[in-house]
Amino acid sequence: MKKFKFRLEPLLKIKAHIEREKQKHLALAAQQVVAQETYLHELNRDRQAAQNEQRGYLSGTLRPNLLLNYSRYFLKLKKNELTGSEILKVYRIEREKRRQELLEATKQKKIYEKLKEHKKDSYQKEMETIIRKEQDDIASKMFHRKKKLPL
């Protein structure tokens, strides 16, 4: 009995490899989004901590230099937040693009897997037919031998 061989197996392996590469790219893009979100969260936390600290200095004597420094610091934080938000938008767009590429690669791989599955099913049916035919032939020969009839 001949062994099943899918002649597009190398192509299926290539598609699987491409899918794994796309998964890695998506993971990196997702990691960038998470890192940027963490950075923005830390900026927000720093701003809140500075505001609470500044409130403590507002009671009592006013020191203009200190207020000026806080003002500059808040401007810098705001600038970093805006820049970080824009970078986050770009990272999210990139992540979505990578996700779409992964979906397409997965779809391509599944097409070849389905094709392989259909080919294997038809191969098994063909083999079952051949085996059944051989068994019928053997049974027929045994019947003729028992009855001593000519084949």
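Numbers here are sequence positions counted from 1.
- The heavy-atom pair separating A29 from R95 by the smallest distance is CB-CA, 3.8 Å.
- A side chain to side chain donor-acceptor pair (under 3.5 Å) check over residues 17-28, counting only residues at least two apart or in different chains, returns the pairs E19-T106, E19-K109.
- Using a 4.0 Å cut-off between charged side-chain N and carboxylate O, E37 and R92 make a salt bridge.
- Summarising the geometry of A105 relative to I18, their closest heavy-atom pair is CB-CG2, 4.2 Å, with the distance given to 0.1 Å.
- Contact of the R98 side chain with the L28 side chain is not registered, since no non-hydrogen atoms from C-beta on lie closer than 4.5 Å.
- With sequence neighbours excluded, no residue satisfies salt bridge (Lys or Arg N to Asp or Glu O under 4.0 Å) with E42.
- Side-chain contact between I130 and E126 is present, with heavy atoms from C-beta onward closer than 4.5 Å.
- In this structure, the side chain of T38 engages the main chain of V34 through a donor-acceptor pair within 3.5 Å.
- The hydrophobic cluster containing L40 also contains F74, counting ILVMFWY residues as joined when their side-chain heavy atoms lie under 4.5 angstrom apart, directly or transitively.
- Distance NZ/K147 to CE/M142: 13.0 Å, rounded to 0.5 Å.
- For the salt bridge (Lys or Arg N to Asp or Glu O under 4.0 Å) test, residues two or more places apart in sequence or in another chain that qualify with K116 are E9.
- At a threshold of 4.0 Å, the pair D137-K141 counts as salt-bridged, since one of the basic side-chain nitrogens sits closer than that to a carboxylate oxygen.
- The structure places CG of D136 at 12.0 Å from CD1 of I131, a figure rounded to the nearest 0.5 Å.
- Atoms CD and CG, on E53 and D46 in that order, are 11.0 Å from each other to the nearest 0.5 Å.
- Side chain to side chain, Q108 and E104 meet the donor-acceptor criterion of an N or O pair below 3.5 Å.
- To the nearest 0.5 Å, the span separating CD1 on I87 from CG on N80 amounts to 9.0 Å.
- Closest non-hydrogen pair, Y91 versus Q32, comes out as CD1-O, 3.7 Å.
- To the nearest 0.5 angstrom, E117 atom CD is 11.0 Å from S122 atom OG.
- Here E81 pairs with R47 under the salt bridge (Lys or Arg N to Asp or Glu O under 4.0 Å) rule; sequence neighbours left out.
- Every residue meeting the salt bridge (Lys or Arg N to Asp or Glu O under 4.0 Å) condition with K89, not counting sequence neighbours, appears here in chain and number order: E86.
- In the hydrophobic clustering of ILVMFWY residues, with side-chain heavy atoms under 4.5 Å counting as a link, L11 and I111 come out apart.
- The CD atom of E94 lies 10.0 Å from the CG atom of L26; values are rounded to the nearest 0.5 Å.
- A side-chain N or O of Q100 and one of E96 form a donor-acceptor pair less than 3.5 Å apart.
- Using a 4.5 Å heavy-atom cutoff, the side chains of Y70 and Q51 are not in contact.
- Under the 4.5 Å side-chain criterion, counting only non-hydrogen atoms from C-beta, R99 is not in contact with L102.
- Across all their heavy atoms, L88 and V33 have their closest contact at CD1-O, 3.8 Å.
- For residues 105-124, every residue pair satisfying the ring pair (Phe, Tyr, Trp, His ring centres under 6.0 Å) rule, not counting sequence neighbours, is listed here: F4-Y123.
- Taken together through direct or relayed side-chain contacts under 4.5 Å among Ile, Leu, Val, Met, Phe, Trp and Tyr, Y73 and Y39 form part of one hydrophobic cluster.
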